[in-house]
Amino acid sequence: MHEFGIAEAVLDAVERRADGRRVCRARVRAGALLRIAPQALDQAFCLASAGTVAEGATLDLVIEPVRLICRGCGHSALSTDPLTICGLCGGIDIDSEGGDSLVLESIQLDPGTTAEVSYVPGHSGRDRRDPARSD
């Protein structure tokens, strides 16, 4: 089940963007060529996110269509099923464009939590040191 690898990649991006804050929802756009089974991805994300800032978060999946171009007649169409025949002539010699992306579009943070991040001038926002300390 390749959905588990995809879920781990999504979780990694979610955790980086959340920066320690709890996440209640994430929206992912995936190309049709990835052939993701939505239920399998939901289950994999649930397992992968256990014990993380995204535990219990809802994962919204948007499937991005692929452009299919028939080499026989030149017909072009968008489809969420990349394994198809030409809708015009029935040809099977089909080229595809796009449909292979995986993008974390957004995350929704739990409004009841805050990040445990200290701001230290001159350092990145990921620095968790106490600004009062002089290490």
Side-chain angles (χ1 to χ4, degrees):
M1 155 167 119
H2 76 287
E3 283 84 0
F4 197 79
I6 292 170
E8 287 179 323
V10 168
L11 177 61
D12 183 53
V14 166
E15 287 180 316
R16 280 185 276 124
R17 193 175 284 179
D19 198 25
R21 297 167 289 185
R22 298 268 320 140
V23 175
C24 55
R25 181 177 295 274
R27 180 179 170 99
V28 176
R29 181 171 297 274
L33 290 179
L34 296 180
R35 309 273 306 156
I36 295 173
Q39 293 90 353
L41 182 61
D42 282 344
Q43 185 177 31
F45 187 75
C46 182
L47 290 170
S49 65
T52 72
V53 296
E55 182 172 10
T58 301
L59 185 62
D60 298 325
L61 176 64
V62 177
I63 301 295
E64 186 174 84
V66 60
R67 178 163 300 282
L68 301 174
I69 304 150
C70 179
R71 288 184 179 181
C73 71
H75 178 68
S76 174
L78 292 176
S79 175
T80 57
D81 183 7
L83 302 176
T84 190
I85 62 172
C86 175
L88 190 61
C89 74
I92 59 170
D93 195 8
I94 307 288
D95 285 329
S96 62
E97 291 179 356
D100 58 351
S101 63
L102 180 64
V103 177
L104 174 62
E105 285 190 335
S106 65
I107 63 170
Q108 182 180 352
L109 300 174
D110 183 348
T113 62
T114 58
E116 297 177 13
V117 178
S118 300
Y119 175 71
V120 180
H123 290 80
S124 73
R126 295 178 83 71
D127 192 342
R128 299 187 189 283
R129 292 184 304 149
D130 183 350
R133 290 183 60 190
S134 58
D135 299 324

Original post:
Given V53 and E15, is the side chain to side chain contact (heavy atoms under 4.5 Å, CB included) satisfied, shown in steps?
Top reply: CA-CA 7 Å; V53 296; E15 287 180 316; 4.1 Å; yes
Starting at [atom1] of [X], measure out to [atom2] of [Y] and round the result to the nearest 0.5 Å.
| X | Y | atom1 | atom2 | result |
| --- | --- | --- | --- | --- |
| D12 | L104 | CG | CG | 10.5 Å |
| L34 | L61 | CG | CG | 9.5 Å |
| E8 | S49 | CD | OG | 11.0 Å |
| I63 | S79 | CD1 | OG | 11.5 Å |
| I107 | L59 | CD1 | CG | 12.0 Å |
| L33 | L102 | CG | CG | 12.5 Å |

**OP:** Ignoring hydrogens and angles, tell me if any N or O in the side chain of R17 forms a donor-acceptor pair with the backbone of V14 under 3.5 Å.
**Re:** no
**OP:** Using atom types as modelled and distance alone, determine if a side-chain donor or acceptor of E3 lies under 3.5 Å from a backbone N or O of A37.
**Re:** yes
Side chains of [X] and [Y]: closer than 4.5 Å at any heavy-atom pair?
| X | Y | result |
| --- | --- | --- |
| T58 | Q108 | no |
| V28 | E105 | no |
| L109 | R22 | no |

Show the atom names and distances, to 0.1 Å, of all donor-acceptor pairs under 3.5 Å that link a side chain in residues 71-78 to residues at least two apart or in another chain.
{"residue": "R71", "atom": "NE", "partner": "D95", "partner atom": "OD1", "Å": "2.9"}
{"residue": "R71", "atom": "NE", "partner": "D95", "partner atom": "OD2", "Å": "2.9"}
{"residue": "R71", "atom": "NH2", "partner": "D95", "partner atom": "OD1", "Å": "2.8"}
{"residue": "S76", "atom": "OG", "partner": "R67", "partner atom": "NH1", "Å": "2.8"}

Taking all heavy atoms of [X] and all of [Y], pick out the closest pair and write down the distance.
| X | Y | value |
| --- | --- | --- |
| F45 | V10 | CE1-CG1, 4.0 Å |
| V66 | S96 | CG2-CB, 3.7 Å |
| G90 | I85 | O-CB, 4.0 Å |

**OP:** Hey, could you give me each pair passing salt bridge (Lys or Arg N to Asp or Glu O under 4.0 Å) that has a residue in residues 39-63? Not counting sequence neighbours.
**Re:** R25-D60
Original post:
Is D100 salt-bridged to R35, cutoff N-O under 4.0 Å?
Top reply: no
**OP:** Show your working on side chain to side chain contact (heavy atoms under 4.5 Å, CB included) between I94 and C86 and close with a plain yes or no.
**Re:** CA-CA 7 Å; I94 307 288; C86 175; 3.9 Å; yes
Original post:
Does the side chain to side chain contact (heavy atoms under 4.5 Å, CB included) test come out yes or no for D110 and V23, once each step is laid out?
Top reply: CA-CA 5 Å; D110 183 348; V23 175; over 6 Å; no
